[in-house]
Trainee: 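Structure incoming, see below.
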Protein chains: 2
Amino acid sequence: MSPTKAPAERTATLKDVAEHAGVSPMTVSRALNKPETVSDTLRARIDAAVDALGYVQNLVAGALASAGSNVIPVIVPSLSNTVFVEIVAGIQEVAQAAGYQLMLGNTEYDLEREYTAVSTFLGWSPPGMIIAGMRHLDRTRNLLKRWGKPVVETMEFGAQPIDMNVGLSHYKAGEAMAEHLVARGYRQIVFVGCRIDADYRAAQRYKGMDRVLAKHGLARREALSYEEPSNPARGGDALMEVLRMKPKADAIFFANDDLAVGAILRAQREGIAVPKRIAIAGFNGLPFASLVTPSLTTIMSPRHEIGRIAAQQLIERISGRTPIKRRVDVSFEMQVREST
Amino acid sequence: MSPTKAPAERTATLKDVAEHAGVSPMTVSRALNKPETVSDTLRARIDAAVDALGYVQNLVAGALASAGSNVIPVIVPSLSNTVFVEIVAGIQEVAQAAGYQLMLGNTEYDLEREYTAVSTFLGWSPPGMIIAGMRHLDRTRNLLKRWGKPVVETMEFGAQPIDMNVGLSHYKAGEAMAEHLVARGYRQIVFVGCRIDADYRAAQRYKGMDRVLAKHGLARREALSYEEPSNPARGGDALMEVLRMKPKADAIFFANDDLAVGAILRAQREGIAVPKRIAIAGFNGLPFASLVTPSLTTIMSPRHEIGRIAAQQLIERISGRTPIKRRVDVSFEMQVREST
DNA sequence: CGTGAAAATGATTGCGCAATCATTTCAGGG
DNA sequence: CCCTGAAATGATTGCGCAATCATTTTCACG
């Protein structure tokens, strides 16, 4: 194709290796996939032949012949949100170590695209699948159920998973933060997020908060939602807007730490006293949250851990091992800091 | 496997669909892959049959039969570093839109693992590959060259790519920042990073800086490198350490913005005047960089764009279209802000 | 030193699909 | 109405490997 590249010779196959080593193809296959079933002598000869020919296993053919690949599809709604990335990283860590490859699908929070992705990925005969969230099209759920192989839904903890579930209850997280704010004496609490309609986990945190406010007979407000994706600058702007539009507000619960940290940095620059003039709380537990001044009260979600557990659960099941909790509620952790 | 899941019936194949629709398997294959070559009548019947049977194409078989898949392997050294994630996101965006799937490999900055990953991924008969960095084992380079299909090396811009290359010159970036610091009057400049031996792009930035210092006859120092991965808290600690150990230092060039922003937040908390007591500069252009006080002088690297361009280049070549620049030097952008 | 069971190796087959070539159908001109 | 070429459809084949079963070799033990 390009001047510097050698012409692509036909790549070596199992058969070539077999001939080169003077054994049958089947023995080569075994030497590569179950080395312990082949005698030392032959294994050595075969390894030498593999090196000599630069043989690379054709995994496609292998997957077809054995009706199953070692590719694990991972479907997330976004890659611009750190949260999903960290989950993917956790999955990767465990899966790659166990010899699985990750195939990555991004739905952009679109359930139709999610269906397409699931459907396409099934075509790779994977041994299982990991998918973010528990809200899917009926078609998607049915497709996965009929498929009958292990599936892990991550991020949130919820009822009636398709198969397995690892996550945390965002509703409870919202409740916990609201209880904290109320206990601290805040009475006019505002929830601020981005694309809350699409990010229904954020919506659940809002609902959890709302329920607590109702319980305490406090003023309840619609969540304030912006159309752009979450980013720190937006958080800063939102803070200013809240101060202007709802001067009585005494606390903001941001949908995530990107927004919340952005708000704190802005407050600092503008000389707004946090938490005196207004308290700020976030969700996720970003590294910066503990370093800003004032440090941010937030809820730590164990993203990496969720990914790891999800992958472990899946691999256990793929390997046919049995006793597993189908639903894992990873706990979140309130981090009360200076901003409230 | 689990009580709630239906027994997995044998999944429908092309042949099943063909029988259901009363046509030959080949026609079904065409209807699915090149719809325009099949008459409207049959296409409708076939689509109906597909729906009726819930048929999902077996991509493994397709890939084997046509000796090529539409999976693009992407190999990165880490997923905990935002930089790579953003590149992956950029690649994803373009690749998924063009109907390709991404397979993700993580080398943890280990060149042996990189070789293994490349080798394994070749087994999926991909049409091309994207790999981070230009430093590989000879074996890896040779393997890819002999393979003969399009390969894009990303992140940095360098000489003699395996095939194609999209990135920026980290050496020049280091020079640019050093020139800026020197022009501002700083004379005792320290470079601080994490795992600089493994992160050789950071090392190149250091070298670029070092050359400029030498040129101006200024004091040159070894880079200060920590063994843990970069994180903001480490940046803060490093700042304190530099102040204590090298009290004459008047500027720190951090290997990345995570460290630099962490240092600024720490300075703020400790009441250290930036840039008066010591100037701070970073690299990458994180969103928080412009929001901290003082705002951070840094170099913006177009990560997402690098990913997009890499994917575009690759797909162009895969599609057999010709006139393409083999090497793309995406420009970086100095952002001079308050911290210097 | 023979025997039987276990271990190692080999031959055959088919996974599900697309490339390829062969055949049929169709539209339009004479 | 036939002929021709193009479009649509079909039949055959093989991609490269692992599952499966058949065969050979090895080894422990009487």
Side-chain angles (χ1 to χ4, degrees), chain A residues 8-47 49-50 53-71 99 119-120 122-127, chain B residues 8-47 49-50 53-71 99 119-120 122-127:
Chain A
E9 325 115 29
R10 189 182 67 85
T11 55
T13 70
L14 250 201
K15 209 172 137 198
D16 300 327
V17 176
E19 282 168 10
H20 194 280
V23 298
S24 77
M26 201 52 236
T27 304
V28 177
S29 172
R30 275 192 279 254
L32 295 170
N33 298 318
K34 299 178 190 169
E36 71 280 4
T37 66
V38 173
S39 69
D40 295 350
T41 337
L42 287 193
R43 186 147 24 81
R45 258 183 24 224
I46 290 168
D47 287 348
V50 166
L53 299 178
Y55 172 68
V56 174
Q57 266 190 82
N58 184 326
L59 300 174
V60 176
L64 180 61
S66 58
S69 68
N70 59 353
V71 171
S119 174
T120 306
L122 288 186
W124 285 104
S125 312
Chain B
E9 327 115 27
R10 190 181 67 83
T11 56
T13 70
L14 250 201
K15 209 172 139 201
D16 299 327
V17 176
E19 282 168 10
H20 194 280
V23 299
S24 77
M26 201 52 236
T27 304
V28 177
S29 172
R30 275 192 278 254
L32 264 34
N33 299 319
K34 297 179 191 169
E36 71 280 4
T37 66
V38 172
S39 69
D40 295 350
T41 337
L42 286 193
R43 186 147 24 81
R45 260 185 20 224
I46 290 169
D47 288 347
V50 166
L53 299 178
Y55 171 69
V56 174
Q57 265 191 81
N58 184 325
L59 300 175
V60 176
L64 180 60
S66 58
S69 68
N70 59 352
V71 171
S119 173
T120 306
L122 289 186
W124 285 104
S125 313

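Residue numbers begin at 1 in each chain, while the letters A, B, ... track the order of the sequences. Excluded from the calculations below are hydrogen atoms, water molecules and symmetry mates; all remaining heavy atoms, backbone and side chain alike, are included.
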Trainee: Taking all atoms of both residues into account, what is the closest heavy-atom pair of L122(B) and P126(B), and its distance?
Mentor: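 Nearest pair, atom of L122(B) first, then P126(B): O-CD, 3.6 Å.
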Trainee: Hey, what are the protein-to-nucleotides 18-23 of chain C N/O distances that come in under 3.5 Å?
Mentor:
{"residue": "dA18(C)", "atom": "OP1", "partner": "N33(B)", "partner atom": "ND2", "Å": "2.6"}
{"residue": "dA18(C)", "atom": "OP2", "partner": "S29(B)", "partner atom": "OG", "Å": "2.4"}
{"residue": "dA18(C)", "atom": "OP2", "partner": "N33(B)", "partner atom": "ND2", "Å": "3.4"}

Trainee: Within this structure, what is the CD1-CG distance for the pair I46(A) and L14(A), rounded to the nearest 0.5 Å?
Mentor: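 Atom-to-atom, I46(A):CD1 and L14(A):CG are 9.5 Å apart.
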Trainee: Counting just side-chain N and O atoms, does S39(A) come under 4.0 Å of either OP1 or OP2 of dT9(C)?
Mentor: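 Indeed, a polar side-chain atom of S39(A) lies that close.
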Trainee: So what does L42(B) touch, heavy atoms closer than 4.0 Å: a base, only the sugar-phosphate, or nothing?
Mentor: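 Sugar-phosphate, no base atom in range.
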Trainee: Could you identify which residues of residues 15-23 of chain B place a heavy atom less than 4.0 Å from some atom of DNA chain D, listed by residue number, or say none?
Mentor: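 Nucleic-acid contacts, sorted: V23(B).
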Trainee: For residues 54-69 of chain A, tabulate all N or O donor-acceptor pairs below 3.5 Å that involve a side-chain atom, not counting sequence neighbours.
Mentor:
{"residue": "N58(A)", "atom": "OD1", "partner": "V60(A)", "partner atom": "N", "Å": "2.9"}
{"residue": "N58(A)", "atom": "OD1", "partner": "A61(A)", "partner atom": "N", "Å": "3.0"}
{"residue": "S66(A)", "atom": "OG", "partner": "G62(A)", "partner atom": "O", "Å": "2.8"}
{"residue": "S69(A)", "atom": "OG", "partner": "V71(A)", "partner atom": "N", "Å": "3.4"}
{"residue": "S69(A)", "atom": "OG", "partner": "W124(A)", "partner atom": "O", "Å": "2.8"}
{"residue": "S69(A)", "atom": "OG", "partner": "S125(A)", "partner atom": "O", "Å": "3.2"}

Trainee: Starting at atom CG of D40(B), determine the distance to atom C1' of dT9(D), rounded to an integer number of angstrom.
Mentor: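 Roughly 15 Å, once rounded to whole Å.
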Trainee: Counting side-chain heavy atoms from CB outward, which of dG10(D), dG16(C), dA11(C) is closest to S24(A)?
Mentor: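 That would be dA11(C).
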Trainee: L59(B) has an atom CG; how far is it from atom C1' of dC15(D), in whole Å?
Mentor: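 Answer to the nearest Å: 16 Å.
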Trainee: Starting at CG of D40(A), measure out to CG of D47(A) and round the result to the nearest 0.5 Å.
Mentor: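 With rounding to 0.5 Å, CG (D40(A)) is 10.5 Å from CG (D47(A)).
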Trainee: So that I can compare with my own list, what are the stems of DNA chain D, taken as at least three consecutive Watson-Crick or G-U pairs with distances under 3.5 Å?
Mentor: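 Expected stems, ordered by start: C:1-30 with D:1-30.
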Trainee: What side-chain donor-acceptor pairs closer than 3.5 Å can you find for residues 17-31 of chain A, not counting sequence neighbours?
Mentor:
{"residue": "S24(A)", "atom": "OG", "partner": "T27(A)", "partner atom": "N", "Å": "3.4"}
{"residue": "S24(A)", "atom": "OG", "partner": "T27(A)", "partner atom": "OG1", "Å": "3.1"}

Trainee: With nearest nucleotide decided by heavy atoms, which residue, E36(B) or L64(B), maps closer to the 5′ end of DNA chain D?
Mentor: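 Whichever sits nearer the 5' end wins; that is E36(B).
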Trainee: Counting only side-chain N and O atoms of Y55(A), is one of them less than 4.0 Å from OP1 or OP2 of dG16(D)?
Mentor: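 For dG16(D), neither OP1 nor OP2 has a side-chain N or O of Y55(A) closer than 4.0 Å.
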Trainee: What's V60(A) touching, base or sugar-phosphate or nothing? Going by heavy atoms closer than 4.0 Å.
Mentor: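 No contact.
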Trainee: Looking at side-chain heavy atoms only, is the closest gap between V50(A) and L32(A) below 4.5 Å?
Mentor: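 Yes - at least one pair of side-chain heavy atoms lies under 4.5 Å apart.
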Trainee: From the list dG10(D), dG16(D), dC17(C), which nucleotide is the closest neighbour of the side chain of T13(B)?
Mentor: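 Side chain of T13(B) sits closest to dC17(C).
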Trainee: Can you list the residues that meet the side chain to side chain donor-acceptor pair (under 3.5 Å) rule with R45(A), with sequence neighbours excluded?
Mentor: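 Here no residue qualifies.
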